[in-house]
Q: 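Take this structure, written in structure tokens, and hold onto it; I'll ask about it next.
Just so we're on the same page: letters track the sequence lines, and every chain starts at 1.
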2 protein chains.
Amino acid sequence: MSTTELETIKSNFTQGLSQISQFWGLPKSLGAIFAVLYLSPNALSLNEIVGKTGFTKGAISTSVRTLARMGLVHRQSKLGDRKDYYIAESDFYKVVRSILKGRENSEFNRALASVQETLVDLQTNPNQEGDAEDWDFAKNRVAEMQSFFDNLDNLVRVITALETMNQNTVQKVIALLKK
Amino acid sequence: MSTTELETIKSNFTQGLSQISQFWGLPKSLGAIFAVLYLSPNALSLNEIVGKTGFTKGAISTSVRTLARMGLVHRQSKLGDRKDYYIAESDFYKVVRSILKGRENSEFNRALASVQETLVDLQTNPNQEGDAEDWDFAKNRVAEMQSFFDNLDNLVRVITALETMNQNTVQKVIALLKK
DNA sequence: TAGTTTGTTTAGTAAAAACTAAATAAACTA
DNA sequence: TAGTTTATTTAGTTTTTACTAAACAAACTA
């Protein structure tokens with residue numbers, strides 16, 4: 001009965017993380033799986049996760065891999081046991097850095113590059129007569145955007161370079177901003 | 001012909017922003033509409049946006065409203081003209097603050113609240129005998145998560161409270177983090 | 001070897017989201 | 001008033017995405 005109670009609370013928590021997950025445009029399953037792992041004192045096998053979440057083996061298999069890519073869970077192998085086991089990363093600052101690092105590979109960078117190409121295209125073009133103002137306007141706008149992205153990219157680069165990031169780090173930033 | 005060239009470049013740029021948009025889990029249309037407005041020296045009416053993007057009036061009508069909610073575009077009314085006109089916000093730091101502010105209303109906060117409820121549920125419950133360690137483990141885990149969220153929330157609160165935010169602000173943060 | 005137990009991939013389905021076309025509403029105009 | 005011109009809403013379609021069920025593959029076991 002007390003166990004049931006705990007399970008109920010866990011289930012509510014899982015629902016909450018599912019919603020957060022889909023708020024960020026991710027599948028609910030990711031939130032649910034992470035929640036189950038996060039509240040489990042011991043590593044869980046794929047089939048155990050199936051049992052606790054109700055998703056199929058295939059779904060868990062792929063979901064758990066994307067969670068691992070994000071740095072939110074880690075795969076473990078026990079000796080003499082063919083099963084894989086999964087645990088949740090509980091240091092969220094680590095997760096933030098891991099996700100920010102992931103940006104380099106991603107589709108996102110290809111899109112960013114296309115913005116940069118636009119800027120080059122605009123700059124290398126000889127000024128036209130008829131629509132010179134249009135060209136200049138576009139040039140300035142895209143240059144501003146590029147500068148914003150560069151600035152942001154620097155910030156991310158510095159963050160990912162931090163050997164440690166924790167509450168204290170954030171609080172120092174807050175103190176700086178408050179002035 | 002030179003005009004055609006400029007249009008081609010604009011179209012590439014628009015494609016780029018569309019991809020960025022969908023990378024963040026948003027409809028491509030949002031990126032496309034913003035791109036068109038961002039590169040337009042003058043405010044555009046709804047029908048002009050329809051012409052430049054190829055989406056239907058209905059789609060533009062709703063998309064432009066969500067863009068406005070995010071602070072990415074602004075609606076303008078010209079006197080003696082019944083049409084609405086739209087311009088892009090070009091200060092991206094403003095946009096960041098605007099989006100961060102929007103968090104208060106959102107579904108996101110309801111989900112966060114449910115995490116907090118979980119914590120309360122766990123803490124108010126009298127310790128059980130059989131599964132005391134399970135309760136404690138869950139309690140600690142959820143408390144840690146809550147503390148992370150609180151910390152982040154403070155940061156966001158400070159950022160939105162900033163009267164101005166710009167490249168310089170970011171650079172100061174970078175300088176702080178580098179030490 | 002054949003038989004288990006695991007994880008992954010694939011093909012198909014169900015559900016959700018983005019979008020279109022058209023009806024409606026609202027504000028003006030002649 | 002009836003007729004235009006605009007924006008919004010609605011109902012339905014298309015497209016995309018998440019997921020299931022089942023086949024497959026790989027690693028072990030008897």
Q: To the nearest Å, give me how far apart NZ (A:Lys78) and C1' (C:dT6) are.
A: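 Taking NZ of A:Lys78 and C1' of C:dT6, I get 15 Å after rounding.
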Q: Mind calculating the distance between CG (A:Asp84) and P (C:dG7) to the nearest angstrom?
A: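 Nearest whole value for this atom pair: 5 Å.
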Q: Does the side chain of A:Gln167 pick up a donor-acceptor pair with the side chain of B:Ser147 at under 3.5 Å?
A: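 B:Ser147 and A:Gln167 do have a side-chain donor-acceptor pair below 3.5 Å.
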Q: Give the minimum heavy-atom separation between B:Val142 and B:Val115, together with the two atoms involved.
A: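 Answer, listing the atom of B:Val142 first, then B:Val115: CG1-O, 4.0 Å.
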Q: By the definition side chain to side chain contact (heavy atoms under 4.5 Å, CB included), identify the one residue from A:Leu17, A:Val73, A:Leu67, A:Leu72 that meets it with A:Ile33.
A: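 Running side chain to side chain contact (heavy atoms under 4.5 Å, CB included) over A:Leu17, A:Val73, A:Leu67, A:Leu72 with A:Ile33 returns exactly one hit, A:Leu67.
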Q: CD1 of A:Ile60 versus P of D:dT20: gap in Å, rounded?
A: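 Distance check: A:Ile60 CD1 to D:dT20 P gives 8 Å.
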Q: Figure out the CG/P separation between B:Asp81 and C:dC28, and round it to whole Å.
A: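 To the nearest whole Å, that distance equals 11 Å.
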Q: If I take atom CD in residue A:Glu48 and atom C1' in nucleotide C:dT6, what distance separates them, rounded to the nearest angstrom?
A: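 Checked: the CD to C1' distance equals 13 Å.
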Q: Whole angstroms only, please: what is the CZ-C1' distance between B:Phe55 and D:dT15?
A: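 Nearest whole value for this atom pair: 13 Å.
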Q: Which comes earlier along DNA chain C counting from the 5' end, the contact point of A:Gln22 or that of A:Tyr86, where each point is its nearest nucleotide?
A: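 So the residue in question is A:Tyr86.
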Q: Among the candidates D:dA7, D:dT20, C:dT6, find the nucleotide nearest to the side-chain atoms of A:Thr56.
A: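 Nearest to the side-chain atoms of A:Thr56, counting from C-beta on, is D:dT20.
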Q: Could you label the plane-to-plane angle of the A:Trp24 and B:Phe108 rings as parallel, tilted or perpendicular, counting under 30° as parallel and over 60° as perpendicular?
A: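 Answer is perpendicular, since the angle exceeds 60°.
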Q: Considering only C:dT5, C:dT6, D:dT20, which nucleotide approaches the side chain of A:Arg82 most closely?
A: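 The closest nucleotide is C:dT5.
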Q: Under 3.5 Å, is there a donor-acceptor pair linking the side chains of A:Asn166 and A:Thr169?
A: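 Indeed, the side chains of A:Asn166 and A:Thr169 share at least one donor-acceptor pair under 3.5 Å.
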Q: Please report the closest heavy-atom contact between B:Ser29 and B:Ser63, naming both atoms and the distance.
A: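 In terms of heavy atoms, the two residues are closest at OG-OG, 3.7 Å.
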Q: Nearest to the B:Ala59 side chain among D:dA18, C:dG7, C:dT20, which nucleotide is it?
A: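 Out of D:dA18, C:dG7, C:dT20, the nucleotide with an atom closest to B:Ala59's side chain is C:dT20.
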Q: Kindly give the atom pairs (protein nitrogen or oxygen, nucleotide nitrogen or oxygen) under 3.5 Å for nucleotides 22-25 of chain D.
A:
none

Q: Could you check A:Leu46 against A:Lys28 and say which one's nearest nucleotide on DNA chain C is further toward the 5' end?
A: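 Its nucleotide being nearer the 5' end, the pick is A:Leu46.
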Q: Between B:Asn47 and A:Gly80, which has a closest nucleotide on DNA chain D that is more 5'?
A: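 Nearest-nucleotide comparison on DNA chain D picks B:Asn47.
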Q: Given A:Phe92 and B:Asn151, is the side chain to side chain contact (heavy atoms under 4.5 Å, CB included) satisfied, shown in steps?
A: CA-CA 11 Å; A:Phe92 296 111; B:Asn151 214 22; over 6 Å; no
Q: Within this structure, what is the CD1-to-P distance between B:Ile33 and C:dA18, rounded to whole angstrom?
A: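 Distance check: B:Ile33 CD1 to C:dA18 P gives 12 Å.
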Q: Would you indicate which nucleotide in C:dT9, D:dC19, D:dA7 comes nearest to any side-chain atom of A:Thr62?
A: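 Shortest atom-to-atom distance from the side chain points to C:dT9.
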Q: Could you tell me how far apart B:Ile49 (CD1) and D:dA7 (C1') are, to the nearest whole angstrom?
A: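 From B:Ile49 CD1 to D:dA7 C1': 12 Å.
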Q: Taking atom types as modelled, find out whether B:Asp150 and B:Gln146 have a side-chain donor-acceptor pair closer than 3.5 angstrom.
A: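 Yes, a side-chain donor-acceptor pair sits under 3.5 Å.
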Q: Under 4.0 Å, heavy atoms only, any strand: does A:Ser29 hit a base, just the sugar-phosphate, or nothing?
A: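 Here A:Ser29 touches the backbone only, sparing every base.
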Q: Using a 4.0 Å heavy-atom cut-off across all strands, classify B:Gly54 as base, sugar-phosphate, or nothing.
A: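 Counting heavy atoms under 4.0 Å across all strands, the contact made by B:Gly54 is with sugar-phosphate only.
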Q: Between C:dT5, C:dT9, D:dT5, which nucleotide gets closest to the side-chain atoms of A:Ser61?
A: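 Between C:dT5, C:dT9, D:dT5, the one nearest the side chain of A:Ser61 would be C:dT9.
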Q: Measure from the side-chain heavy atoms of A:Arg75 and tell me the nearest of C:dC19, D:dT8, C:dG7.
A: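 Nearest to the side-chain atoms of A:Arg75, counting from C-beta on, is C:dG7.
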